[in-house]
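Atom set for the values below is all heavy atoms of this structure, side chains included, hydrogens, waters and symmetry mates excluded.
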Amino acid sequence: MNALSDFGPATGIGSLPGTDAREAAKAATGSFEDFPFLPELPARGPGADMIGRTAGLLVELYARVEPSGWRLGDRPGRDTRRARSWLGEDLDALEECTQEYEGPLKVQAVGPWTLAAALELRNGESVLSDPGACRDLAASLAEGLRLHLAEMQRRIPGARLVLQLDEPSLTAVLRGQVKTASGYRTHRAVDRQVVESTLRDVFGVHADGPVVVHSCAPDVPFALLRRAGAAAVSFDFSLLTERDDDVIGEAVEGGTRLFVGVVPGTDTALSDPAGSVMGVRTLWRRLGLRPGLLAESVTVTPACGLAGASPAYARQALAHCVRAARSLADNPE
């Protein structure tokens, strides 16, 4: 697959402020004419949050809201119906805004390991505590994603779908840092081969298109994600350290796309577009990578947190991503 045609130069992460699906769809498609995305509006409440929204996609598994969070149950209830209803509204709004659109279009869901860390079993413990439950959850998620992608393709036939899986808890899962229900202990680290194999299986539902893995946590496991088949990795640029240089250099040289979150996700005064991507240029020079590779290897995004921004700032940040990407392409050095 050609990286330039699979991805656009700039896009959003997923979440936006507000509760109006149509306004959000207009912002996502109007800001990113080359790479729009299906917005998420967590301000609507449980079922619109990232965990509840993805729980609504599960097949033959259902979740409901408890005081401690989302818990698996026997049958679909009000919370599942609400999550599916809001997703339907979002799809209607996006379909309306993408008539005759042809090009890459991104859709987001929570990945299997962050979902396993967040969802509770009936006993109140995380799904992560039970390897069999983790397998069942991943299989249910994979089937739900397959159906969701098929529905999006039916609604927007000219789109080349890009699947983004949000895995902010992945590093904690690998390191055994996810707390138990009591909060006094942590769940045992999951074997890296099991993590990689599960991700590979879930990525496989989108064999016809690229998968992006997004994490706004430090120490993103770039090498593991590449081995599992991720075509791109999305991260907050400010969390990188020079320790990450080697794996990023290897990723770029291996053809992995970088989605760099360089535009602040919370209300602030924005620098000029060139200033926003100065760190990316510096990284490139430090790695000794060819400047011409920048436009082929980088998609500019906001950093995490845009759901908590003001609507006016969110629109400004999305537009700023486009200008920053243009600056990177026009002046790679």
Look up atom [atom1] in [X] and atom [atom2] in [Y], then write down how far apart they are to the nearest 0.5 Å.
X: Ile156; Y: Leu161; atom1: CD1; atom2: CG; result: 7.5 Å
X: Asp208; Y: Leu163; atom1: CG; atom2: CG; result: 12.0 Å
X: Leu137; Y: Leu115; atom1: CG; atom2: CG; result: 4.5 Å
X: Lys179; Y: Leu128; atom1: NZ; atom2: CG; result: 13.5 Å
X: Leu72; Y: Leu121; atom1: CG; atom2: CG; result: 6.0 Å
X: Leu199; Y: Leu224; atom1: CG; atom2: CG; result: 6.5 Å

Can you find a heavy atom in the side chain of [X] that is under 4.5 Å from one in the side chain of [Y]?
X: Val220; Y: Leu225; answer: yes
X: Leu16; Y: Glu40; answer: no
X: Arg84; Y: Leu57; answer: no
X: Cys134; Y: Val127; answer: yes
X: Leu270; Y: Tyr313; answer: yes
X: Val262; Y: Thr301; answer: no
X: Ser310; Y: Asp267; answer: yes
X: Arg53; Y: Leu87; answer: yes

Using every non-hydrogen atom in the two residues, find where [X] and [Y] come nearest and quote the distance to one decimal.
X: Gly111; Y: Leu141; value: C-CD2, 4.0 Å
X: Glu143; Y: Val59; value: CG-CG2, 3.7 Å
X: Leu174; Y: Arg192; value: CD2-CG, 3.9 Å
X: Pro112; Y: Ala138; value: CB-CB, 4.2 Å
X: Tyr101; Y: Asp34; value: OH-O, 3.4 Å
X: Thr198; Y: Trp113; value: OG1-CZ2, 3.4 Å

For atom [atom1] of [X], decide whether the heavy atoms of other residues, nucleotides or ligands shown that lie under 6.0 angstrom number more than 12.
X: Arg155; atom1: CZ; value: yes
X: Arg22; atom1: CZ; value: no
X: Arg185; atom1: CZ; value: no
X: Arg286; atom1: CZ; value: yes
X: Glu33; atom1: CD; value: no
X: Arg135; atom1: CZ; value: no

Using the rule that two of Ile, Leu, Val, Met, Phe, Trp, Tyr join whenever any of their side-chain heavy atoms come within less than 4.5 Å, decide whether [X] and [Y] are in one cluster.
X: Val298; Y: Met278; result: no
X: Tyr62; Y: Met50; result: no
X: Val233; Y: Phe259; result: no
X: Leu165; Y: Val110; result: yes
X: Ile248; Y: Leu239; result: no

Do the side chain of [X] and the main chain of [Y] share a donor and acceptor less than 3.5 angstrom apart?
X: Ser140; Y: Glu60; answer: no
X: Ser129; Y: Ser126; answer: yes
X: Ser197; Y: Gln193; answer: no
X: Arg82; Y: Pro46; answer: yes
X: Lys106; Y: Gly12; answer: yes

Ion pair check, Arg257 and Asp6, cut-off under 4.0 Å: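 Salt bridge absent between Arg257 and Asp6.
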Pairs touching residues 201-232 that satisfy ring pair (Phe, Tyr, Trp, His ring centres under 6.0 Å), sequence neighbours left out: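 Ring pair (Phe, Tyr, Trp, His ring centres under 6.0 Å) check on residues 201-232 returns Phe222-Phe235.
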CA sep, side-chain torsions, deciding dist, call: Arg64, Thr80, side-chain contact (heavy atoms from CB on, under 4.5 Å): CA-CA 7 Å; Arg64 63 178 186 273; Thr80 298; over 6 Å; no
Check: [X]/[Y] side-chain N/O donor and acceptor closer than 3.5 Å:
X: Asp219; Y: Thr171; result: no
X: Glu125; Y: Thr180; result: no
X: Thr186; Y: Gln177; result: no
X: Trp70; Y: Asp79; result: no
X: Ser297; Y: Arg290; result: no

Audit row: Glu100, Glu102, side-chain contact (heavy atoms from CB on, under 4.5 Å) steps and yes/no: CA-CA 6 Å; Glu100 298 177 18; Glu102 294 184 0; over 6 Å; no
From Thr299, Asp166, Ile13, residue fulfilling side chain to side chain contact (heavy atoms under 4.5 Å, CB included) relative to Ser234: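 Looking at Thr299, Asp166, Ile13, the match for Ser234 under the side chain to side chain contact (heavy atoms under 4.5 Å, CB included) is Ile13.
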Residues forming a ring-ring contact (aromatic ring centres under 6.0 Å, His included) with Phe32, sequence neighbours excluded: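 Applying ring-ring contact (aromatic ring centres under 6.0 Å, His included) to Phe32 gives none.
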side-chain hydrogen bond (donor to acceptor under 3.5 Å, both in side chains) partner of Arg44, the single match among Asp90, Asp20, Asp49: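 One option only clears the test, and that one is Asp90.
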All N/O donor-acceptor pairs, side-chain side in residues 314-326, below 3.5 Å, sequence neighbours left out:
from   : atom 1 : to     : atom 2 : distance (Å)
His320 : NE2    : Ser271 : O      : 3.3
His320 : NE2    : Ser276 : OG     : 2.8

Criterion side-chain contact (heavy atoms from CB on, under 4.5 Å) on Thr19 and Leu41, from CA distance to verdict: CA-CA 6 Å; Thr19 58; Leu41 299 173; 5.5 Å; no
Criterion side-chain contact (heavy atoms from CB on, under 4.5 Å) on Leu38 and His148, from CA distance to verdict: CA-CA 12 Å; Leu38 176 67; His148 183 38; 4.3 Å; yes
side-chain hydrogen bond (donor to acceptor under 3.5 Å, both in side chains) between Ser68 and Glu120, intermediate numbers included: CA-CA 9 Å; Ser68 53; Glu120 298 173 358; 2.8 Å; yes
Whether Phe35 and Phe7 hold their rings parallel, tilted or perpendicular, with breakpoints at 30° and 60°: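 Rings of Phe35 and Phe7: tilted, 30 to 60°.
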Worked verdict on Ser327 versus Arg281 for side-chain hydrogen bond (donor to acceptor under 3.5 Å, both in side chains): CA-CA 11 Å; Ser327 164; Arg281 289 194 184 93; 3.0 Å; yes
